[in-house]
Amino acid sequence: MDDIVTYYKAYLQSINKSQNTIKQYGIDTQQFINFMKDHLFTFDDSIVKIIENYNLYLAEAFSSVASINRKKASLHHFLTFLRQRERINELPDNLLKPIKKEKLTIHTLSTNQIKSVSNYWMEVFEATVGLDHKWIALRNFCIVNIMLEIGLKPSEVVNMKWGHMEENEITIIQGKRIRKLFLSTANLIWLRVYRKQTEMLLPYSKEAEFVWLGLGNKQNEPITVKTIERIFQKLTDNLGFKVTATTLRYTLIDTDIKKEHGEQLEDLFARYGYSRKSVLQERLDRIQKPPNLLKL
């Protein structure tokens with residue numbers, strides 16, 4: 001897919017776009033292509049589904065509405081290029097419209113909703129008979145509950161390695177930033193159970209460096225961000241309310257922010273992997289609480 005970016009930039013040059021425009025369109029387009037590769041999308045998939053997921057990514061990754069709108073405008077230009085060459089079947093203009101310059105709302109979950117999320121995959125595990133499906137439920141249970149405890153992003157989850165764990169501490173590497181987080185005894189116990197069950201089901205996993213593995217044609221290979229998204233889609237489908245990795249993360253941040261005071265609050269942004277405190281504060285300003293915490 002990277003060749004498409006090269007052809008696209010050549011096209012921009014042929015229609016006399018400025019070097020600055022070509023450079024920026026190239027950066028934005030390459031970011032979109034990288035997103036597709038990370039999520040195992042191809043142009044044979046529904047372009048509507050791809051753009052819907054990409055819009056969610058933009059809302060999570062960028063706090064500036066202007067930046068999001070610029071990237072959507074760049075993407076519209078690139079997809080028009082692809083549509084004219086019949087590489088895609090449609091151009092979803094409605095999904096590429098600029099958003100109003102108001103902050104996008106971030107929803108959080110109630111205490112009862114969190115309990116439902118935490119318990120769901122264990123209930124599936126206990127009700128399942130087949131060994132493969134039972135193991136998948138156990139894996140998903142461990143993933144969700146670790147995310148509930150330390151608020152990892154999906155990209156950080158899929159990159160977890162056994163070698164990054166020491167006693168009750170896990171090292172999270174995000175670009176050039178490194179942070180160390182503590183896991184509870186309960187989560188560590190379940191991780192040991194998961195590892196033992198994995199080695200029984202997948203003997204070659206003893207040599208695997210990544211924690212979370214797949215089955216089927218991805219057996220013994222690390223899962224992808226798309227796998228995490230499927231885990232949360234299953235939760236949404238069966239629990240009766242929308243739950244994503246983002247809602248989970250910001251529910252945890254919102255809870256923690258209320259516990260911290262004074263100087264302790266200064267360290268909160270680093271715990272969740274933010275390079276600037278202003279970015280975390282902007283996210284907190286966008287949080288919308290559940291309508292009725294007692295009834296949910």
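Hydrogens, waters and symmetry mates are skipped; everything else that's a heavy atom, side chains included, is used.
The aromatic rings of His77 and Tyr25 sit tilted, their planes meeting at an angle between 30° and 60°. Aromatic ring orientation, Phe78 versus Phe32: perpendicular (interplanar angle above 60°, classes split at 30° and 60°). Between Phe35 and Tyr54, the two ring planes are perpendicular [angle over 60°; tilted spans 30° to 60°].
Interatomic distance, Gln24 CD to Ser18 OG, rounded to the nearest 0.5 Å: 10.5 Å. Between the CD1 atom in Ile4 and the CZ atom in Phe81 there is a gap of 8.0 Å [rounded to 0.5 Å]. How far CG of Leu12 is from OG1 of Thr21: 8.5 Å, rounded to the nearest 0.5 Å. Here the straight-line distance linking atom CG of Asn20 with atom NZ of Lys17 works out to 12.5 Å at 0.5 Å rounding. Rounded to the nearest 0.5 angstrom, Leu191 CG and Leu138 CG are separated by 9.5 Å. Atom CG in Asp45 sits 5.0 Å away from atom CD1 in Ile50 (nearest 0.5 Å).
Two residues are said to be in side-chain contact when any heavy atoms from C-beta on lie closer than 4.5 Å; Asn34 and Gln31 fail this criterion. Contact of the Ile114 side chain with the Leu148 side chain is registered, since non-hydrogen atoms from C-beta on lie closer than 4.5 Å. Contact of the Leu215 side chain with the Leu202 side chain is registered, since non-hydrogen atoms from C-beta on lie closer than 4.5 Å. Residues Lys23 and Lys9 form no side-chain contact, since every pair of their non-hydrogen atoms from C-beta on lies 4.5 Å or further apart. Inter-residue side-chain proximity for Tyr194 and Gln197 is flagged as unmet; no heavy-atom pair is nearer than 4.5 Å. Taking the side chain as every heavy atom from C-beta outward, Glu167 and Phe182 never approach each other to under 4.5 Å. Counting only heavy atoms from C-beta outward, the side chains of Arg179 and Leu181 approach each other to under 4.5 Å. Taking 4.5 Å as the limit, some side-chain heavy atom of Ile146 sits within range of a side-chain heavy atom of Trp212.
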### Derivation of the side chain to side chain contact (heavy atoms under 4.5 Å, CB included) call for Ile143 and Arg139
CA-CA 6 Å; Ile143 288 172; Arg139 181 200 67 186; 4.0 Å; yes
#### Entry: Full working for side chain to side chain contact (heavy atoms under 4.5 Å, CB included) between Thr244 and Leu248
CA-CA 6 Å; Thr244 66; Leu248 218 63; over 6 Å; no
### Task
For Ile150 and Leu183, run side chain to side chain contact (heavy atoms under 4.5 Å, CB included): C-alpha distance rounded to whole Å, both residues' side-chain angles, the deciding distance at 0.1 Å, then the answer.
CA-CA 8 Å; Ile150 56 178; Leu183 289 173; 3.8 Å; yes
#### Entry: Audit row: Arg249, Met147, side chain to side chain contact (heavy atoms under 4.5 Å, CB included) steps and yes/no
CA-CA 7 Å; Arg249 177 174 164 84; Met147 294 177 75; over 6 Å; no
### Message
Could you go through Thr236 and Lys242, starting from their C-alpha distance and side-chain angles, then the distance that decides it, and tell me whether this counts as side-chain hydrogen bond (donor to acceptor under 3.5 Å, both in side chains)?
### Response
CA-CA 5 Å; Thr236 295; Lys242 186 173 180 60; 5.4 Å; no
### Task
Evaluate side-chain hydrogen bond (donor to acceptor under 3.5 Å, both in side chains) for Asn53 paired with His39, printing each intermediate quantity in order.
CA-CA 9 Å; Asn53 280 276; His39 291 72; over 6 Å; no
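Taking every heavy atom of both residues into account, Asn187 and Asn145 meet most closely at ND2-O, 3.5 Å. Closest of all the heavy-atom pairs between Thr108 and Gln113 is O-OE1, 4.4 Å. In terms of heavy-atom proximity, Met160 sits nearest to Ile170 at CE-CD1, 3.4 Å. Between Leu213 and Ser205, the shortest heavy-atom contact is CD1-CB, 3.6 Å. Counting all heavy atoms, side chain and backbone alike, Leu40 lies closest to Lys226 at O-NZ, 4.1 Å. Here the closest non-hydrogen pair linking Met36 and Thr42 is CE-C, 3.6 Å.
Take Asn238 and apply the side-chain contact (heavy atoms from CB on, under 4.5 Å) test, not counting sequence neighbours, and it matches Tyr120, Lys234. The side-chain contact (heavy atoms from CB on, under 4.5 Å) search around Pro92 returns Ile47, Val48, Ile51, Asn94, Leu95, not counting sequence neighbours. Every residue meeting the side-chain contact (heavy atoms from CB on, under 4.5 Å) condition with Lys161, not counting sequence neighbours, appears here in chain and number order: His164, Glu209, Phe210. Arg87 pairs by the salt bridge (charged side-chain N to carboxylate O under 4.0 Å, His left out) definition with nothing, not counting sequence neighbours. Applying the side-chain contact (heavy atoms from CB on, under 4.5 Å) test to Leu56 and every residue at least two apart in sequence or in another chain returns nothing.
For the pair Arg85 and Tyr7, the cation-pi criterion (under 6.0 Å, within 45° of the ring axis) is not fulfilled. For the pair Arg195 and Trp162, the cation sits on the ring face: its NZ or CZ lies under 6.0 Å from the ring centre, inside 45° of the axis.
Checking side-chain atoms of Ser14 against main-chain N and O of Tyr11 turns up a donor-acceptor pair under 3.5 Å. Checked by atom type and distance alone, the side chain of Thr128 pairs as donor or acceptor with a backbone atom of Val124 at under 3.5 Å. A side-chain donor-acceptor contact under 3.5 Å links Lys134 to the backbone of Phe125.
Connection of Met200 to Trp190 is not established within any shared hydrophobic cluster, with ILVMFWY side chains joined at heavy-atom distances below 4.5 Å, either directly or through further cluster members. When hydrophobic clusters are built by joining Ile, Leu, Val, Met, Phe, Trp and Tyr residues whose side-chain heavy atoms come closer than 4.5 Å, directly or via intermediates, Val211 is not grouped with Ile189. Note on Ile27: it does not cluster hydrophobically with Ile33, by side-chain heavy-atom contacts below 4.5 Å among ILVMFWY residues. Two different hydrophobic clusters hold Phe141 and Val129 under the rule that ILVMFWY side chains link at heavy-atom gaps under 4.5 Å.
Counting heavy-atom neighbours within 6.0 Å of Gln84 CD, excluding the residue itself, gives a total above 12. With a 6.0 Å radius and a threshold of 12 heavy atoms from other residues, nucleotides or ligands, Asn168 has its CG atom above the threshold. No more than 12 heavy atoms of other residues, nucleotides or ligands lie within 6.0 Å of CD in Glu207, so this atom counts as exposed by the packing criterion.
When only modelled atom types and interatomic distance are considered, Lys180 and Thr171 share a side-chain donor-acceptor pair under 3.5 Å.
Among pairs with a residue in residues 66-77, those fulfilling salt bridge (Lys or Arg N to Asp or Glu O under 4.0 Å) read Asp28-Arg70, Asp28-Lys71, at least two apart in sequence or across chains.
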